[in-house]
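Note that the structure is predicted; figures quoted are calculated from it, not measured.
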Amino acid sequence: MTDQDETGEAITILLVEDDAPTCWRLQDALTKAGYEVRTAGTLGEARSGLAAGAPRVLLTDLRLPDGHGVELIRETRQRFPNTEIMVISALGDEESVISAITVGATGYLLKDAFPTDIATTVRDLVAGHSPISASIARFIVRRTQNSAEPPPGPALNTAKLTPREIDILWGIAKGFSYAEIAGHLGLSRQTVPGHIKNIYRKLEVHTRSEAVFEAVQQGLIKL
């Protein structure tokens with residue numbers, strides 16, 4: 001089976017991992033599944049890889065020999081907003097997780113809880129899901145529940161969120177793909193990205209994870 005994007009072309013992946021055995025194992029599994037995989041072992045190599053063109057998916061470790069993966073995630077999100085970004089790391093501390101999600105990661109997997117089928121995980125990521133290790137998901141929920149009441153500030157434009165956009169936010173929070181959200185709400189698959197684009201603009205966010213985080217913070221939805 002060959003994984004393809006919506007244009008029928010092979011899905012391209014930039015895999016950034018400095019541990020050679022781990023990199024080889026992931027590359028082998030993804031290539032056999034039909035993905036077009038480029039690899040990098042350092043932040044510098046990853047930047048060179050991005051210069052060659054936007055990958056559909058960026059899979060990156062955080063602790064790289066010449067820098068931090070958060071820098072790479074931020075740069076990729078700014079340059080290539082349509083690239084799906086997933087962290088694969090041994091780092092599960094608060095600073096690492098929140099930093100990666102805040103700057104643009106849409107998935108976060110810990111290496112000690114790594115799925116056996118990485119190809120399926122990447123397929124889910126491209127389909128609109130946000131693969132997150134269970135311990136990370138619990139950590140994010142706890143952080144949200146323990147967050148202090150935000151100080152008064154400029155009012156967000158949430159008053160302009162429509163009931164339909166709130167419904168779609170729920171779908172995003174539950175990890176549904178665009179197609180699944182469309183199916184549940186009786187919409188066409190093509191209309192969902194437009195609603196999500198409006199949600200991002202109104203909440204002033206750039207990723208699904210940020211949208212869910214901001215929606216919970218603003219009391220628009222509860223997890």
Side-chain angles (χ1 to χ4, degrees), residues 1-41 46 49 53-62 69 72-73 76-77 80-92 96-97 100-101 104-141 168 170-184 189 192-193 196 207-212 223:
M1 175 179 173
T2 299
D3 280 283
Q4 299 175 330
D5 63 13
E6 53 276 9
T7 68
E9 298 181 350
I11 292 174
T12 57
I13 298 174
L14 177 58
L15 172 62
V16 185
E17 171 60 63
D18 65 313
D19 181 69
T22 301
C23 185
W24 179 87
R25 179 169 59 87
L26 293 173
Q27 182 182 15
D28 182 63
L30 293 168
T31 301
K32 286 179 178 175
Y35 295 103
E36 184 178 310
V37 184
R38 291 177 279 155
T39 64
R56 184 69 180 83
V57 175
L58 170 67
L59 302 181
T60 184
D61 197 354
L62 291 182
L72 180 64
I73 295 170
T76 303
R77 178 58 63 210
F80 307 115
N82 293 326
T83 294
E84 299 290 347
I85 304 173
M86 185 164 69
V87 172
I88 299 174
S89 177
L91 300 176
S96 297
V97 174
I101 291 175
T106 48
Y108 199 114
L109 297 179
L110 295 176
K111 286 183 176 176
D112 62 359
F114 204 72
T116 55
D117 191 347
I118 183 62
T120 298
T121 304
V122 171
R123 192 178 302 125
D124 290 343
L125 183 72
V126 173
H129 295 277
S130 292
I132 295 177
S133 293
S135 60
I136 296 295
R138 287 196 296 271
F139 165 78
I140 293 174
V141 171
I168 290 177
W170 269 110
I172 295 173
K174 291 178 180 296
F176 291 144
S177 68
Y178 290 178
E180 290 170 330
I181 292 173
H184 284 304
R189 167 67 175 78
V192 174
I196 291 178
T207 68
R208 291 188 294 273
S209 299
E210 289 178 330
V212 171
L223 297 178

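Here the shortest heavy-atom pairing between Pro131 and Leu125 reads CD-CD1, 3.6 Å. When all heavy atoms of Val192 and Ala182 are compared, the closest pair comes out as CG2-CB, 3.7 Å. Closest approach of Ala33 and Ala119 over heavy atoms only: CB-CB, 3.5 Å.
From Ser133, atom OG reaches atom CD1 of Ile88 across 10.0 Å, with rounding to the nearest 0.5 Å. In this structure, CG on Asp19 lies 6.0 Å from NZ on Lys111, to the nearest 0.5 angstrom. Here the CG atom belonging to Asp28 is positioned 13.0 Å from the CD1 atom belonging to Ile118, to the nearest 0.5 angstrom. Considering CD of Gln27 and CD1 of Ile13, their distance stands at 10.0 Å, rounded to 0.5 Å.
Two residues are said to be in side-chain contact when any heavy atoms from C-beta on lie closer than 4.5 Å; Leu59 and Leu26 fail this criterion. With a 4.5 Å cut-off on side-chain heavy atoms, Tyr35 and Arg123 count as touching. At least one side-chain heavy atom of His129 sits less than 4.5 Å from a side-chain heavy atom of Glu180.
Across Val87, Val16, Thr106, a single residue satisfies side-chain contact (heavy atoms from CB on, under 4.5 Å) together with Leu58, and that is Val16. Only one option out of Asp61, Leu109, Val97, Thr60 pairs with Ser89 in a side-chain contact (heavy atoms from CB on, under 4.5 Å); it is Asp61.
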Set out, in order, the CA-CA distance, both residues' side-chain angles and the distance that settles side chain to side chain contact (heavy atoms under 4.5 Å, CB included) for Val57 and Met86, then state yes or no.
CA-CA 8 Å; Val57 175; Met86 185 164 69; 5.7 Å; no
Checking side chain to side chain contact (heavy atoms under 4.5 Å, CB included) for the pair Leu62/Tyr108: CA distance, chi angles, key distance, verdict?
CA-CA 11 Å; Leu62 291 182; Tyr108 199 114; 3.3 Å; yes
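A donor-acceptor pair under 3.5 Å is absent between the side-chain atoms of Thr39 and the main chain of Leu15, judged by distance alone. Side-chain N or O atoms of Thr83 include one that pairs as donor or acceptor with a backbone N or O of Pro55 at under 3.5 Å.
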